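Note sheet for the following structure.
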There are 2 protein chains.
Amino acid sequence: MSRETPTGDELLAMLAALASPHRLRIVAALAEGRSYVSELARRLRMNRPLLYMHLQKLEAAELVVGTLETAPDGSSVKWFDLAPFALTLTAQTIATAVPTLTVPGQKDEEKQ
Amino acid sequence: MSRETPTGDELLAMLAALASPHRLRIVAALAEGRSYVSELARRLRMNRPLLYMHLQKLEAAELVVGTLETAPDGSSVKWFDLAPFALTLTAQTIATAVPTLTVPGQKDEEKQ
DNA sequence: GCCCCCTGTCAGAGAATACTGACAGTCTGG
DNA sequence: CCAGACTGTCAGTATTCTCTGACAGGGGGC
């Protein structure tokens with residue numbers, strides 16, 4: 001997954017996922033070790049469904065990985081780990097990624 | 001300006017500024033050379049006031065620099081250049097920046 | 001049975017953003 | 001004077017995102 005050049009859409013997804021104080025805080029919290037939804041919600045003092053939503057966005061951008069683990073006793077907990085990521089943001093990397101951005105209303109007739 | 005560790009707020013501002021397909025495209029366009037609002041609007045085929053707004057966000061995040069130049073003949077054009085920037089995004093850099101995030105309703109009593 | 005911990009999902013309110021057309025103003029050149 | 005370049009700003013709408021409380025469910029232990 002450590003491709004040298006992310007596609008425009010991947011880049012955008014990562015940026016959008018990180019462009020939120022809550023989600024930055026979540027990443028920072030997970031940098032100290034894995035955690036699960038309810039525990040994190042208590043630690044960061046935020047509404048659990050809200051945290052849940054943010055975690056899903058981070059997961060969609062592949063910045064965190066969630067694993068629902070069912071313990072031998074049957075109780076299940078969803079652990080979240082940070083995904084290893086390293087993104088270098090420069091005019092260069094952006095210029096490289098942009099051409100691969102998919103535009104919503106774009107087919108092929110675009111400039112015709 | 002190439003501080004090793006941006007503050008949480010700066011980091012967030014840059015991320016928020018880049019987390020938009022339009023603004024990524026703008027950065028990519030400016031990577032090929034300076035331009036001015038009207039010309040860029042034609043090139044990127046977007047509404048000028050809209051582009052104007054996006055440019056302001058990029059400028060606020062210090063990713064582009066705008067200079068209103070009044071030519072010797074009196075006509076003025078606002079040129080936009082890319083600001084040199086290099087941002088490395090890892091769990092580490094984020095974890096370092098997060099503690100300096102300012103929270104809207106935060107004074108000092110926070111955890112008391 | 002009851003209480004506690006966990007996950008997952010929803011509808012709806014509220015707030016923030018994106019986007020548009022239109023207008024005001026300045027300067028040039030025919 | 002008029003047409004053509006610009007820049008800058010606005011009000012209003014459309015759309016998207018954030019956030020909340022509430023609910024349904026699973027399981028453990030007393």
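Worth saying up front: this structure is predicted, and the values here are computed from it rather than measured. Numbered from 1 within each chain, the chains take letters A, B, ... in sequence-line order.
Counting to the nearest Å, the C1' atom of dC19(D) and the CG atom of L44(A) are 16 Å from each other. In this structure, R45(B) atom CZ and dC19(C) atom P are separated by 17 Å, rounded to whole Å. Remark: C1' of dC6(C) and CZ of F80(A) are 13 Å apart, rounded to the nearest angstrom. To the nearest angstrom, P of dG8(D) lies 13 Å from CD of E69(B). Protein atom CD of E39(B) is 13 Å distant from nucleotide atom C1' of dA5(D), rounded to whole Å. A straight line from CE of M46(B) to C1' of dC19(C) spans 11 Å, rounded to a whole angstrom.
Taking Ile, Leu, Val, Met, Phe, Trp and Tyr as hydrophobic and joining them when side-chain heavy atoms fall under 4.5 Å apart, one finds L50(A) in a cluster with M53(A). Listed by chain and number, the hydrophobic cluster partners of V65(B) come to none, as no ILVMFWY side chain reaches under 4.5 Å of it.
For R42(A), whose side chain is taken as the heavy atoms from C-beta onward, the closest listed nucleotide among dG21(C), dT7(D), dC6(C) is dC6(C). For K78(A), whose side chain is taken as the heavy atoms from C-beta onward, the closest listed nucleotide among dT7(C), dT7(D), dC10(D) is dT7(C).
Between R23(B) and dA18(C) there is a side-chain polar atom (N or O) within less than 4.0 angstrom of OP1 or OP2.
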>> Does the protein touch nucleotides 24-30 of chain C at the base, only the backbone, or not at all? Give it as B, S and - per nucleotide, heavy atoms under 4.0 Å.
In response: ---SS--
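Among residues two or more places apart in sequence or in another chain, the salt bridge (charged side-chain N to carboxylate O under 4.0 Å, His left out) test is passed with E59(B) by none. Residues passing the salt bridge (charged side-chain N to carboxylate O under 4.0 Å, His left out) test with R43(B) are E32(B), E39(B), sequence neighbours excluded. Partners of R34(A) according to the salt bridge (charged side-chain N to carboxylate O under 4.0 Å, His left out) rule, which considers only residues two or more places apart in sequence or in another chain, are E69(A), D81(A). For Y36(B), the ring-ring contact (aromatic ring centres under 6.0 Å, His included) partners are W79(B), not counting sequence neighbours.
Under the salt bridge (charged side-chain N to carboxylate O under 4.0 Å, His left out) criterion, no residue pair touches residues 82-92 of chain A, with sequence neighbours excluded.
Proximity of residues 50-58 of chain B to DNA chain D (heavy atom under 4.0 angstrom from any strand atom) is restricted to Y52(B).
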